[in-house]
Amino acid sequence: MRAFGDVSLSKKIFFTTLAFILLVSGIIALLARWVLVSSLTSELEHRGTAIAQSLADRARGYILDNNVSDLVTLAFDAAYLGERKDLVSYIFITDPDGRILAHTFTRPFPQELMGIPTPTPADKRAVRDMAVLGLPVNDISVPITEGIYVIGAVHVGLNKHHIDNLVGKLRITFLGFISLVIVVVFFISLRIANYITLPIVRLTRSSDELSRGNFDISVDLEGADWTPQDCPAYQNTDLPCWHFDQTKEASDDTGEADSTHRTCRQCRFYRKVPGDEVQQLYNSFRNMVWSIKLYRRRLRESEEKYRSLFVSGPDPILVVDAQTYQILDANPRAEEVYGYTREELAKLPYTALDQDFPSNCLVRFEQASERGSTCIYCSKLIHYRKDGLPIYVNLHACPISYRNRQAYIIASADVTEMIEKDAQLIQASKMKTLGEMSAGIAHELNQPLNAIKMGSDFLTMLSEEGQPVQSEQFRPITSEISQQVDRATDIINTLRAFGRKADMVRERLSVNDSVRGVLKIVGHQLSLSGIETEIDLDENLPPILAHDNRIQQVLFNLVTNARDAIIKREDEPPEGRRIILHTFRRRSEVVVSVQDTGVGIPESVRGKIFEPFFTTKETGQGMGLGLSISYGIVKDYGGDIRIDSEPGKGTTIELVFPVAATATGAKA
Ligand code: ADP
């Protein structure tokens, strides 16, 4: 069966047709031969019978007259008349008892013919196959009658060799005819097989080329004077009519689709070309090749488009394996920014550039999918260049499928310069705050300095007067001086820490510490302005991920704004001037609220207060940067600022931060 399956279709068709025709021809030949031979044999028997009967009619008189010599002449004449001599072997006439009256044998009468019974009138004739003198013969005998009496019999021996010769000639004629039929059928089968299989062979060749990736094969179009572009759908020569888009047709209310459909139906290319199934198959294959070519071209164009976006992108773009974090591809900008060549990058894991990628960013994919988005955004991450220098990047990552594997495409914008500028701005704003606070700070420092001065003056006076200093007097003074020095150092350290340039590093921080640090610097200043400060700190507050310096910066801005708003409110009794700093936990958030009894924020300006350089303060008093910088810092730490204000009564500003996750990933 398998061996038969390996035979080509043309051979199958050829041999099947040939075998069928041969079988039919053979059957016809056998039937014809049988019919011809039997009819020829019976025809010859009839002829023999006719000869015998005519002889019997003429012999009757001679027998009655007992004229043997004429009887013999009659027998010879009958046997050698015309072409009969080939057919008739012998003739003999007998009396009713079987005695020979006349015969045509030139030698003694053969014994084997003796005693053949005379046929009765009822028989009319008798036919016997015999061998006479060693030759096969058909002996046909008819009775000679006179009235109701049988007076003799005529025997005519038909030469069977002659009959066989005739049959043989017939057979040769038939064989010749059959051979001719076979030759003709052979060539016809060959032509039919080729005719049927040629388009299939062409199809096979074309599809072989396609599977080898050669899409430049020519697909014959019916009629060379036109191309599929002559029959575009939607005026788009890219889309021939057989690409008619059923969806567009259904959704198009303008009727344009309808008319296009009608036009397309008229198109020669769209119509089914008349032809057999193989031709139809070939046409549909040709259309399919056209479609594949078209979509391949579009795919290539789209690939080129995205490749050029990838290559010419202004930011580094990397493709990273989702399982191993191996870098799979990188654009030229990534080479420039990170200082590695593309080949070097292809050997690196992404974590060589961003160690915290899995912990900082990957976890966000789950949150993103909860929001119904697939991509994530991480801001101000630290990446490392080849030379070890850190850079700040804002990162946008999306999962993709890349060469049959799950991957991420990560675009990282280098924001180092921007962050440095921000830091400078923050620094400037901080210096301004410090400047504003300088009177209060000076006063704050004055207190320990005064105490130190008084203590040291007292000791100096004792030594000038030559009085011995008792250890009971000495110890409390030196201990007080030491405490005051500590206090001054503490204030100076806080100031120094605050004045230091902000650091982008995130650490686990208790916001209570930041609140206390800020109050250390501004607390006295506020009381000098007649503002009471109240703090309500939750001592069990979980940590957040941030940097103390930057959080203090935010709190300074809020407290300064609160102070200004209170000072601005003139109608307020002095005992009501209050700022309340409150920290607490709300679900998975840490909240720091700064509440004041100031003028409040009117509805008209509420939408603008986070804009840079927006201020309602007089020139020289406000830069309009405090809240915009604070907003940027809080957002950096994944937090938010919420404002609740009632004009004329006061404002509450809440800083909300996510609780820092523990090392195991759980919220603290
Ligand atoms: P600046 O303090 O230099 O004006 P900010 O960005 O800190 O800049 O504040 C912008 C504006 O927001 C302020 O000018 C003020 O009108 C308003 N504002 C901020 N905080 C408060 C507050 N606690 N009460 C009333 N108004 C406020």
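Whatever order the structure lists them in is the order used to number ligands and atoms, beginning at 1. Remember, it's a predicted structure, so these values are computed and weren't measured experimentally. Because only heavy atoms are used, hydrogens play no part in the values below, and waters and symmetry mates are left out as well, while side chains stay in. If you read the sequence from its start, that first residue is 1, and numbering goes on from there.
- The nearest heavy-atom contact from the protein to atom 4 (O) of ligand 1 is T615 OG1, 2.6 Å.
- The closest protein non-hydrogen atom to atom 24 (N) of ligand 1 is A565 CB, 3.3 Å.
- Salt bridge annotation for K305-E301: absent, with no cationic side-chain nitrogen under 4.0 angstrom from a carboxylate oxygen.
- In summary, the atoms of ligand 1 found under 4.0 Å from a heavy atom of T651, numbered by their order in the structure, are 23 (N), 24 (N).
- Looking from atom 10 (C) of ligand 1 to the surrounding protein, the closest heavy atom is F614 O, 3.3 Å.
- The protein non-hydrogen atom at the shortest distance from atom 16 (O) of ligand 1 is T616 OG1, 2.4 Å.
- Residue V599 places no N or O, backbone or side chain, under 3.5 Å from any N or O of ligand 1.
- Looking at T583 and N512, their side chains do bring a donor and an acceptor atom within 3.5 Å of each other.
- Counting only heavy atoms of the protein, atom 6 (O) of ligand 1 lies nearest to L627 N, 2.8 Å.
- Salt-bridge annotation for E611 and R606: absent, with no side-chain N of the basic residue lying under 4.0 Å from a carboxylate O of the acidic one.
- Using modelled atom types, one finds a donor on one side chain and an acceptor on the other under 3.5 Å when comparing D548 with Q552.
- The protein atom (non-hydrogen) at minimum distance from atom 26 (N) of ligand 1 is I601 CG1, 3.3 Å.
- For E336 and R385, the salt-bridge test fails: no basic side-chain N is under 4.0 Å from an acidic carboxylate O.
- Taking only non-hydrogen atoms, the option from N557, N561, T597 nearest to atom 9 (O) of ligand 1 is N561.
- Protein heavy atom at the shortest distance from atom 23 (N) of ligand 1 is D596 OD2, 2.9 Å.
- Protein heavy atom closest to atom 12 (O) of ligand 1, with residue, atom name and distance, is I609 CG2, 3.3 Å.
- Comparing G624, P612, A562, G600 against atom 3 (O) of ligand 1, the shortest heavy-atom distance belongs to G624.
- A salt bridge links E589 with R642: the distance from a Lys NZ or Arg NE/NH1/NH2 to an Asp or Glu carboxylate oxygen falls below 4.0 Å.
- Residue G626 approaches ligand 1 through these ligand atoms, each under 4.0 Å from one of its heavy atoms: 5 (P), 6 (O), 7 (O), 8 (O).
- Contact check on D538 versus R585 returns no salt bridge, with no Lys/Arg side-chain nitrogen under 4.0 Å from an Asp/Glu carboxylate oxygen.
- Taking the centre of each ring, Y350 and F357 come in below the 6.0 Å mark.
- Of all the heavy atoms in R487 and Q447, the pair that sits closest is NH2-OE1, 2.8 Å.
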